[in-house]
Amino acid sequence: MTYNLIAAFKANAKLIHTDNLGNLYVVTQTNQLNKYGRNGALLATLNYNYTGSITQIDASNPMQIFLFYRELNKVIFLDNNLAYRGEIDLAKAEIIQASAIARAYDNNLWVFDLGDLQLKKINQKNSVEQTSGNIRQYIVNNAAVSMIYDNDDRVFVVDSLNGVMVFDVFASYIKTIPIKGVSDMKISNKSIYYYQDGMLNKYNWQASLNTAYAMPDTFNVTKITIEKERIYLQKPDSIYIYSY
């Protein structure tokens, strides 16, 4: 794989995330959220002051962005300009130990509840619509769920200790993909991309085939994400965007 540097800029980031248009979302250590275009131009900044630490971003629908504040047990909704559009208090859905959230295919919300070890889908009226049942029968180690992704056909629950659990859109368990030791991934319709041992790994979950690629840079890289022929590298004080 051949890489070309497109942009590099200073950013004291704690989280990065991309949408399917190639836009990049950067959460700073002070919980400022900035949106950049696929070539590194700053497009928007969060203009809603909310006290709390942003734990996770879901921008799988670029027109409706979800921010998860784990310590507050809340999910905030933003539009494509990062303007506030609403929120869900997970406690009202009787969820008190949420570890990860994601947009559902129907724009409702997936939540993994550590309290009873269940994947749950809730609507914006705080009602639970789907549940997986307790996942204890599918895991060997304690649950360490850090991420959920809905590709409109399957729901992927990333657990760094047990692997990637796959459910259908009704929260019925299908299988576990044996990728362990990774808490953050980029999941597309057919492939899972993740950074491990200094390599970019691409796992085709339909064919159960993994391919590893050399990275354009591995020095101090803390996280990567990939989208629309771009690879985004997060370092402690900067972001690098490469085409490939």
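In what follows, every heavy atom counts, from backbone to side chain, and hydrogens, waters and symmetry copies are set aside. Small disclaimer: the values here were computed from a predicted structure and weren't measured. One is the number of the first residue; the rest follow in order along the sequence.
Linking ILVMFWY side-chain heavy atoms closer than 4.5 Å, directly or via other members, places Leu119 and Val169 in two distinct hydrophobic clusters. When hydrophobic clusters are built by joining Ile, Leu, Val, Met, Phe, Trp and Tyr residues whose side-chain heavy atoms come closer than 4.5 Å, directly or via intermediates, Tyr244 is grouped together with Leu200. Leu90 and Leu72 fall into different hydrophobic clusters, where Ile, Leu, Val, Met, Phe, Trp and Tyr side chains are chained together by heavy-atom contacts under 4.5 Å. Hydrophobic clustering (ILVMFWY, side-chain heavy atoms < 4.5 Å, transitive): Val221 and Tyr193 are in one cluster. Linking Ile, Leu, Val, Met, Phe, Trp and Tyr residues whenever their side-chain heavy atoms come within less than 4.5 Å leaves Ile16 and Leu43 in two separate clusters.
Side chains of Lys120 and Gln130 form no contact here, defined as non-hydrogen atoms less than 4.5 Å apart. Inter-residue side-chain proximity for Val155 and Ile148 is flagged as met; some heavy-atom pair is nearer than 4.5 Å. Using a 4.5 Å heavy-atom cutoff, the side chains of Pro216 and Leu233 are in contact. Using a 4.5 Å cut-off on side-chain heavy atoms (C-beta onward), Ile54 and Phe68 make no contact. For the pair Lys186 and Thr18, the minimum side-chain heavy-atom distance is below 4.5 Å. Within the 4.5 Å cutoff, no side-chain heavy atoms of Ser183 are placed close to those of Val158. Inter-residue side-chain proximity for Tyr69 and Ile76 is flagged as met; some heavy-atom pair is nearer than 4.5 Å. In this structure, the side chains of Asn126 and Ile88 come closer than 4.5 Å at one or more pairs of heavy atoms.
Put simply, the side chain of Asp113 gets close to the backbone of Gly115: a donor and an acceptor are under 3.5 Å apart. One N or O on the side chain of Gln29 and one on the backbone of Ala13 form a donor-acceptor pair closer than 3.5 Å.
For the residue pair Asn201 and Gln196, no side-chain donor N or O sits within less than 3.5 Å of a side-chain acceptor on the partner. With 3.5 Å as the limit, one finds no donor-acceptor pair spanning the side chains of Tyr242 and Asn4. Under 3.5 Å, the side chains of Asn80 and Lys35 contain no donor-acceptor pair of N or O atoms. In this structure, a donor-acceptor pair under 3.5 Å is absent between the side chains of Asn12 and Thr28.
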>> Checking Tyr25 against Asn34 for the side-chain contact (heavy atoms from CB on, under 4.5 Å) test, could you report, in this order, the C-alpha distance in whole Å, the side-chain angles of both residues, the deciding distance, and whether it holds?
In response: CA-CA 6 Å; Tyr25 302 83; Asn34 296 314; over 6 Å; no
>> salt bridge (charged side-chain N to carboxylate O under 4.0 Å, His left out) for Asp168 and Arg154? Distances and angles first, verdict last.
In response: CA-CA 5 Å; Asp168 66 18; Arg154 295 288 185 266; over 6 Å; no
>> Assess the residue pair Asp159 and Lys180 against the criterion (salt bridge (charged side-chain N to carboxylate O under 4.0 Å, His left out)); give the C-alpha distance rounded to whole Å, side-chain angles, the decisive distance to 0.1 Å, and a yes or no.
In response: CA-CA 7 Å; Asp159 184 315; Lys180 299 180 182 180; over 6 Å; no
>> Between Asp237 and Lys10, does the side-chain contact (heavy atoms from CB on, under 4.5 Å) criterion hold? Intermediate values first, please.
In response: CA-CA 6 Å; Asp237 63 353; Lys10 293 292 184 182; 3.5 Å; yes
>> What verdict does the side-chain contact (heavy atoms from CB on, under 4.5 Å) test give for Phe112 and Ser132, after you've listed the backbone C-alpha separation in whole Å, the side-chain angles of each residue and the deciding distance to 0.1 Å?
In response: CA-CA 10 Å; Phe112 189 82; Ser132 65; 5.7 Å; no
> Can Asp79 and Met63 be said to form a side-chain contact (heavy atoms from CB on, under 4.5 Å), step by step?
Replying inline: CA-CA 5 Å; Asp79 67 14; Met63 305 304 292; over 6 Å; no
>> Under the criterion side-chain hydrogen bond (donor to acceptor under 3.5 Å, both in side chains), I'd like the reasoning laid out for Asn204 against Gln206: C-alpha separation, chi angles, the key distance, then a yes or no.
In response: CA-CA 6 Å; Asn204 185 311; Gln206 293 176 322; 5.3 Å; no
Identify all side-chain donor-acceptor contacts of residues 94-109 below 3.5 Å with residues at least two apart in sequence or on another chain.
unit_1	atom_1	unit_2	atom_2	d
Ser99	OG	Val145	O	3.1
Arg103	NE	Ser60	OG	3.0
Arg103	NH1	Asn107	OD1	3.3
Asp106	OD1	Asn108	N	3.2
Asp106	OD2	Asn108	ND2	3.3
Asp106	OD2	Lys121	NZ	2.9
Asn107	OD1	Asn61	ND2	3.4

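Applying the ring-ring contact (aromatic ring centres under 6.0 Å, His included) test to residues at least two apart or on different chains, the pairs with a partner in residues 76-98 are Tyr48-Tyr84, Phe66-Phe77. Counting only residues at least two apart or on different chains, the salt bridge (Lys or Arg N to Asp or Glu O under 4.0 Å) pairs with a member in residues 51-76 are Lys74-Glu87. Pairs of residues two or more places apart, or lying in two chains, that qualify as ring-ring contact (aromatic ring centres under 6.0 Å, His included) and include a residue from residues 194-238 are Phe156-Trp205. For the ring-ring contact (aromatic ring centres under 6.0 Å, His included) condition, the pairs that include at least one residue of residues 167-188, sequence neighbours left out, are Tyr138-Tyr173, Phe167-Tyr173.
For the atom pair Ser160 OG and Met147 CE, the distance stands at 13.0 Å (nearest 0.5 Å). Between atom NZ of residue Lys228 and atom CZ of residue Arg38 there is a gap of 8.0 Å, rounded to the nearest 0.5 Å. The OG1 atom of Thr225 sits 7.0 Å away from atom NE2 of His17, with the distance rounded to the nearest 0.5 Å. Atom CG of residue Asp184 and atom CD of residue Gln56 lie 8.5 Å apart, to the nearest 0.5 angstrom. Interatomic distance, Lys235 NZ to Asn220 CG, rounded to the nearest 0.5 Å: 6.5 Å. Distance OG1/Thr55 to CG/Asn31: 8.5 Å, rounded to 0.5 Å.
Asn142 approaches Ile139 most closely through the heavy-atom pair C-CD1, 4.5 Å. Contact detail for Met215 and Gly198: the closest heavy-atom pair is CG-O, 3.4 Å. Closest approach of Ile57 to Ile65, counting heavy atoms only: CG2-CG2, 3.9 Å. For the residue pair Val26 and Ala11, the shortest heavy atom distance occurs at CG1-CB, 4.3 Å. Residue Ser243 comes nearest to Arg230 through the heavy atom pair CB-NH1, 3.5 Å, listed as atom of the first residue, atom of the second, then distance. Taking each heavy atom of Met165 and Thr176 in turn, the nearest pair found is CG-OG1, 3.5 Å.
Lys175 NZ: more than 12 foreign heavy atoms inside a 6.0 Å radius. In this structure, Met199 places its CE atom where more than 12 heavy-atom neighbours from other residues, nucleotides or ligands lie under 6.0 Å away.
Here the two rings, on Tyr240 and Phe9, have centers that are 6.0 Å apart or farther.
Partners of Asp153 according to the salt bridge (Lys or Arg N to Asp or Glu O under 4.0 Å) rule, which considers only residues two or more places apart in sequence or in another chain, do not exist here.
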